Amino acid sequence: MSYVEDQLNELIRTNPNQPEFIEAASVVLKSLEPVMEADGKYRKSGILERLTEPDRQIRFRVAWTDDAGRVQVNRGYRVQFNNAIGPYKGGLRFHPSVNISIIKFLGFEQIFKNSLTSLPIGGGKGGSDFDPKGKSDREVMAFCQSFMNELYRHIGPDVDVPAGDIGVGGREIGYLYGQYKKITNRYEGILTGKGLSYGGSLARTEATGYGLLYFLEAMLKANGKSLEGKTVVISGSGNVAIYACEKAQQLGAKVVTLCDSTGWVYDPDGIDLPAVKEIKEIRRGRISEYTKDHAHAQYHDGRGVWSIPCDIALPCATQNELGLEDAKELVKNGVFAVAEGANMPTTPDAAKYLQENGVLYAPGKASNAGGVAVSALEMSQNSQRLSWTFDEVDSKLQQIMNGIFSNVSSAAEKYGMAKNYVAGANIAGFLKVSDAMLSQGIV
Ligand code: NDP
Ligand code: 2IT
């Protein structure tokens, strides 16, 4: 058996009940097969064994009191996966589905994504099974303060710098930052995605969605296509989906769908984004409210955005939200590009089907890297005690996304898999991290 097969079997044996982590690791390791076969140094130095075992996994109790005076207990996590090329960096997810498998898959993906940005950041991820939905601001604050009461001892500007992810936005980052400062009396860049009045970066809010569109533009251009006049379907209606929609519209595309975990909207005239921002960013409401003021649009309960005919599909909600049947429907309806804003939204069989049917397919670890890239720019600004203009950050973001596309594209070509951006992203991300690990010895 090959080194990769041996290592995959070992991972499956030693990580039972971690389907998301095994899914993410399998895709990466299979892409690395030609790299491993070409040079015996990787097996000799145990690179895959070391890369797939986190540096450390922290799990803790988060006790807080709800508005009815009842004590609630949630689980908190921080997985510090790999710091070969920089301090651990990656978001915090607050969602009832969070468990160690999900945090490990996200932390593992983050290693390669962060490497692709070309910036000095290692891979980590954290979160909790706490559900912010339906909670009062005071409850969210009480939870965040209790979460930080443990997390603070594990993070630092040169150690580990968390940020947002599902369920963690500006409000949560603010409460987390306030508690860190209260406990330590230190004013330092230990989180990114901060508010602009206390060390945040302009364009961080927009970065993941905008970056996705910059990557998509580069991929389309390299394949003789463009966004102008195209019909786009997007899933999700959170941070990534909203700013993907905004940039797609600015670039001349028509976005016709968005969704949340309850249902989805189809607006054949094109999504009215200010209305969505009002519902989601201000009222924290449900996407179903969209049809109240948009009678011509349709709302449906459940899932369904992938059934709408489109040229381009942008999954921006959560993992495994686009399965094989969805991929078949998209192909049948003529989709020519799928670019991931979310982490691992396309199941492996769906991704394979899309690629086999000639669809340009951008994996999240390349196409959604704009968020963490601007987080790293926020860290730079914090270190300098300066803040850059929106245009400065946005143009750096564009350069970074173009750089990622060309790096991913040439890695795929070099290993005889031209246009396979999955293989390209995994290989290019791996090469930098493994080079640093090999230089730093067996640690
Ligand atoms: P948000 O919490 O802002 O939004 C998430 C959106 O996805 C909401 O519309 C939510 O609906 C929907 N959603 C979440 N979970 C599910 C589910 N299980 N089933 C159906 N819909 C769901 O998160 P983000 O926009 O920040 O994150 C979206 C994706 O992008 C995630 O995969 C995240 O890991 C990834 N990502 C985020 C980055 C960032 O900078 N924020 C950077 C790179 C990747 P509802 O409100 O009903 O739950
Ligand atoms: O998945 C991701 O890249 C993020 N949630 C952003 C991480 C970050 O540190 O900005």
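Every value quoted in this text rests on a predicted model; they were computed, and no experiment measured them. Numbering of ligands and ligand atoms starts at 1, following listing order.
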Nitrogen or oxygen of T262 less than 3.5 angstrom from that of ligand 1: no
Contact check: Q319 vs ligand 1, nitrogen or oxygen atoms, below 3.5 angstrom: no
N/O separation below 3.5 Å, V240 to ligand 1: yes
Of the listed options P132, S261, S367, S375, closest to atom 47 (O) of ligand 1 (non-hydrogen atoms): S261
Residue among K89, Q381, E378 satisfying side chain to side chain donor-acceptor pair (under 3.5 Å) with T192: K89
Heavy-atom nearest neighbour of atom 33 (C) of ligand 1 within options D165, V168, D260, V374: D165
Contact (N/O only, under 3.5 Å) between G167 and ligand 1: yes
Heteroatom proximity flag, N343 to ligand 1, N/O under 3.5 Å: yes
Atom indices of ligand 2, in the order listed, that fall short of 4.0 Å to a heavy atom of A163: 8 (C), 9 (O), 10 (O)
Identity of the nearest option to atom 4 (C) of ligand 2, non-hydrogen atoms only, from K89, M379, K125: K125
Residue K113 vicinity, atoms of ligand 2 by number, heavy atom under 4.0 Å: 1 (O), 2 (C), 3 (O)
Numbering as shown, the atoms of ligand 2 that approach G91 to under 4.0 Å (heavy-atom distance): 7 (C)
Side chain proximity check, F143 to P132, heavy atoms < 4.5 angstrom: no
Min heavy-atom dist R204 to ligand 2 below 4.0 Å: yes
For L314, the option from V255, V305, L216 that meets side chain to side chain contact (heavy atoms under 4.5 Å, CB included): L216
For atom 10 (O) of ligand 2, closest protein heavy-atom neighbour: S375 OG, 2.5 Å
Heavy-atom nearest neighbour of atom 12 (C) of ligand 1 within options P96, A317, A244: A317
Selected option - heavy-atom contact closest to atom 16 (C) of ligand 1, from T318, N368, T192: T318
Protein contact to atom 4 (O) of ligand 1 [nearest heavy atom, distance to 0.1 Å]: G238 CA, 3.3 Å
Row check, Y421 ring normal vs K365 NZ/CZ: under 6.0 Å, within 45°: no
Heavy atom of the protein closest to atom 14 (C) of ligand 1 (residue, atom name, distance): I166 CD1, 4.1 Å
Nitrogen or oxygen of K280 less than 3.5 angstrom from that of ligand 1: no
Protein contact to atom 3 (O) of ligand 1 [nearest heavy atom, distance to 0.1 Å]: N239 N, 2.9 Å
Whether F21 and F81 hold their rings parallel, tilted or perpendicular, with breakpoints at 30° and 60°: tilted
Subset of ligand 2 atoms that lie under 4.0 Å from at least one heavy atom of G164: 4 (C), 5 (N), 6 (C)
Face-on cation placement of K396 at W388 ring, 6.0 Å and 45° thresholds: yes
Any E109 heavy atom less than 4.0 Å from ligand 2: no
Contact check: R286 vs ligand 1, nitrogen or oxygen atoms, below 3.5 angstrom: yes
Option of least heavy-atom distance to atom 5 (N) of ligand 2 (set: D165, L106, L92): D165
